[in-house]
Amino acid sequence: MPVVAKKLEMQHLAWRAGFGETLPVISDWERRRRKEIVNKVLIGPKRAELESIDVINATDLPDYRRSKNMTDEQRKTVNEMNTQGIKDLNVAWMNMMQKSDHPLREKMSLFWHGHFACRTQNVLFNQQLISEIRNNALGNFGDLLTAVSKSPAMLQFLNNQQNRKQHPNENFAREVMELFTMGRGHYAETDIKEAARAFTGWGFDEDGQFVFREKQHDDGIKNILGKSGNYNGDDVLKILLEQRQTATFITTKIFRYFIDDTPDDTLIQSLSEKFYHSGYDIKTLMREIFMADWFYDSKYIGNRIKSPVELLVGIRRTVPMAFEQEEVTLVFQRILGQMLFYPPNVAGWPGGRNWIDSSSLMFRLRVPQVILYSQVLNIRPKELTPEMGDGGNYKMTLQINDFLKRQFAKKVNARINWDPYVQGYSDVPRENLADAIAGVLLQQPGNVKKTLLEKYADTSSREGYIKTVTIDVMSTPEYQLC
């Protein structure tokens, strides 16, 4: 295999497994080393060693948060603490994605964050949910499904706190089948109604802990997907995991996220069968994908549009930096259409070509310049709208909108640490720098002409040349792809 092809193969793995940064240069690009590299990518910290993202403790919130008789002033205080807490949680996770030594775990967590889309104004609930997602991101899908389904954030968002045997609420049961496991069209309305009965009694207490309220549970016989029994919520999840369609649905979404917007039915069938027989081991599925020859096929290289978070984190992992006000990353997210902890609806972000529209495309191309040249942020982000699960607390959403508005026309001040990036090209001859930079940053570098890059480059110094060519490459349409 030609050296260029070997390097491209490994670089392709790095882009798909992480956030756009390339693998460290290695001395041997032989195909036989793929297994070694893949295993290195998949190895991550154990749950006990995983660094948590905590911005607030239950004890930090006033005790009167439990009272139904809060004064307006007390309620305002709690709302402000939650609003600030969610912003802090957003910033903390973005920083984790940027600095993590295990980017695949964070990228998988970002995938599951969209799959298990949830919107709650309680910072503790958000914190608990993202913790469960990160703990199980590369673990067992059944464990992840159970943990998310029992989280107070999801139970509140999908109204299962109000699901009682006298008046079953079908919302939670419907979304578990339609969005989390099998997908639309693989169940009947009667299955939803019966599953809703099984989930009665699932809720959470004032401390945000899962509780099963037996007196509110319907203990009658239920008929779900051809099975009959005195089922509870855990039984329903097990029945859903028994369905091969669940493995197919999850595999298809992962294929779209990591490989191509148009799934290959033959590949999906093969992958989903192995996923199912592994007992839904996520790491096993990802290893199958990364080790497959077709994963490195040219038709899958540079054909996916980066999500806004992938784009932002990729820039920051390539060129280390810190913002004077880290909360400015929320503004970038909102303008680009992917604000963490604020999915547009219960189905999450649609992804793919939906990331690009008339209002976001030009700004996406300007993001590297705005950040790395510390330019003025002169785009007004769209306002957030309250969604199901907001609990009618519109004031908190308005507080976020007010914060976003205040960032308009402000200069983005970022402290850029160019030294490690520039040093990475120390052995590259001056005449080869433009090609080398494009080769590192782009999946298909040949589409960007060296003459065009040099036309706008700062040629007064080697360092200035590397910086300006890097920013210009990052500002191309090709950099939007992975």
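Count residues from 1 along the sequence.
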Output field: ring centroids Trp112/Tyr257 closer than 6.0 Å: no
Is atom CG of Asp357 surrounded by more than 12 heavy atoms (other residues, nucleotides or ligands) closer than 6.0 Å? yes
Go through the steps for Asn354 and Ile305 under the test side-chain contact (heavy atoms from CB on, under 4.5 Å), then give the verdict. CA-CA 9 Å; Asn354 293 285; Ile305 299 172; over 6 Å; no
Proximity of Tyr300 and Phe295 rings by center, below 6.0 Å: no
Should Pro168 and Phe199 count as side-chain neighbours, where that means a heavy-atom distance under 4.5 Å? no
Spacing of CG belonging to Asn79 relative to CE belonging to Met70, to within rounding of 0.5 Å: 7.5 Å
Do His102 and Lys107 come close enough that some side-chain heavy atom pair is under 4.5 Å? no
Under a 3.5 Å threshold, yes or no: a donor from one side chain and an acceptor from the other, between Glu327 and Gln84? yes
With distance as the sole criterion, is a donor-acceptor pair present between the side chains of Asn223 and Ser228 under 3.5 Å? yes
Give a yes or no answer on whether the side chain of Arg317 reaches the backbone of Ser100 with a donor-acceptor pair at less than 3.5 Å. yes
As an exercise, state the distance from CD1 of Ile53 to CG of Asp88, rounded to the nearest 0.5 Å. 12.5 Å
Nearest heavy-atom contact between Thr181 and Val176 is OG1-O, 2.7 Å
With a 6.0 Å cut-off (strictly less than), is the heavy-atom count around NZ of Lys165, excluding the residue itself, greater than 12? yes
Could you tell me whether Gln375 atom CD has more than 12 heavy atoms of other residues or ligands within 6.0 Å of it? yes
In this structure, which one of Gln98, Glu106, Gln127, His113 forms a side-chain hydrogen bond (donor to acceptor under 3.5 Å, both in side chains) with Trp93? Glu106
So among Phe204, Phe157, Phe341, which one has a ring pair (Phe, Tyr, Trp, His ring centres under 6.0 Å) with Phe125? Phe204
To the closest 0.5 Å, what do you measure between OG1 (Thr251) and CZ (Arg256)? 12.5 Å
Please confirm whether the backbone N or O of Phe275 pairs with a side-chain atom of Ser278, one donor and one acceptor, at under 3.5 Å? yes
Could you walk me through whether Lys253 and His115 pass side-chain contact (heavy atoms from CB on, under 4.5 Å), step by step? CA-CA 8 Å; Lys253 290 196 69 171; His115 179 76; 3.0 Å; yes
I'd like to know if the side chain of Asn136 reaches the main chain of Asp143, judged simply by a donor and an acceptor atom lying under 3.5 Å from each other, with no hydrogens or angles considered. no
Donor-acceptor side-chain pairing of Arg119 and Asn345 below 3.5 angstrom: no
Mind checking whether Phe180 and Met154 have side chains closer than 4.5 Å, heavy atoms only? yes
Mind checking whether Arg134 and Leu50 have side chains closer than 4.5 Å, heavy atoms only? yes
Do the side chains of Asn95 and Arg316 get nearer than 4.5 Å, heavy atoms only? yes
Determine whether the side chains of Glu132 and Ser151 contain a donor N or O and an acceptor N or O closer than 3.5 Å. no
Would you confirm whether Glu194, through its side chain, and Ile224, through its main-chain N or O, come within 3.5 Å as a donor-acceptor pair? no
Is there a donor-acceptor pair under 3.5 Å between the side chain of Thr200 and the backbone N or O of Arg197? yes
Within the side chain of Tyr276, is there an N or O that forms a donor-acceptor pair under 3.5 Å with the backbone of Leu271? no
Does the ring of Tyr479 carry Lys306 above it, NZ/CZ under 6.0 angstrom from centre and within 45° of its axis? yes
Side-chain contact, heavy-atom cut-off 4.5 Å: Thr77 with Met81? yes
Quick one: do Phe332 and Ile379 satisfy side-chain contact (heavy atoms from CB on, under 4.5 Å)? Show the steps, please. CA-CA 9 Å; Phe332 281 100; Ile379 303 292; over 6 Å; no
To the nearest 0.5 angstrom, please state how far the CG atom of Asp264 sits from the OG1 atom of Thr252. 10.5 Å
Do side-chain atoms of Asn413 reach the backbone of Gln325 as a donor and acceptor pair under 3.5 angstrom? no
With heavy-atom distances below 4.5 Å as the criterion, would you say the side chains of Tyr342 and Asn90 are in contact? no
Given Asn171 and Gln162, is the side-chain contact (heavy atoms from CB on, under 4.5 Å) satisfied, shown in steps? CA-CA 10 Å; Asn171 196 38; Gln162 292 80 42; over 6 Å; no
Any side-chain heavy atom of Asn122 sitting closer than 4.5 Å to one from Asn82? yes
Ignoring hydrogens, what is the shortest heavy-atom contact between Val319 and Met321? Give both atom names and the distance. O-CE, 3.2 Å
Under 3.5 Å, is there a donor-acceptor pair between the side chain of Gln369 and the main chain of Arg366? no
Counting only N and O atoms by type, is there a donor-acceptor contact under 3.5 Å from the side chain of Arg304 to the main-chain atoms of Asp260? no
Under 30°, 30 to 60°, or over 60°: which ring-plane class applies to Phe258 and Phe290, parallel, tilted or perpendicular? perpendicular
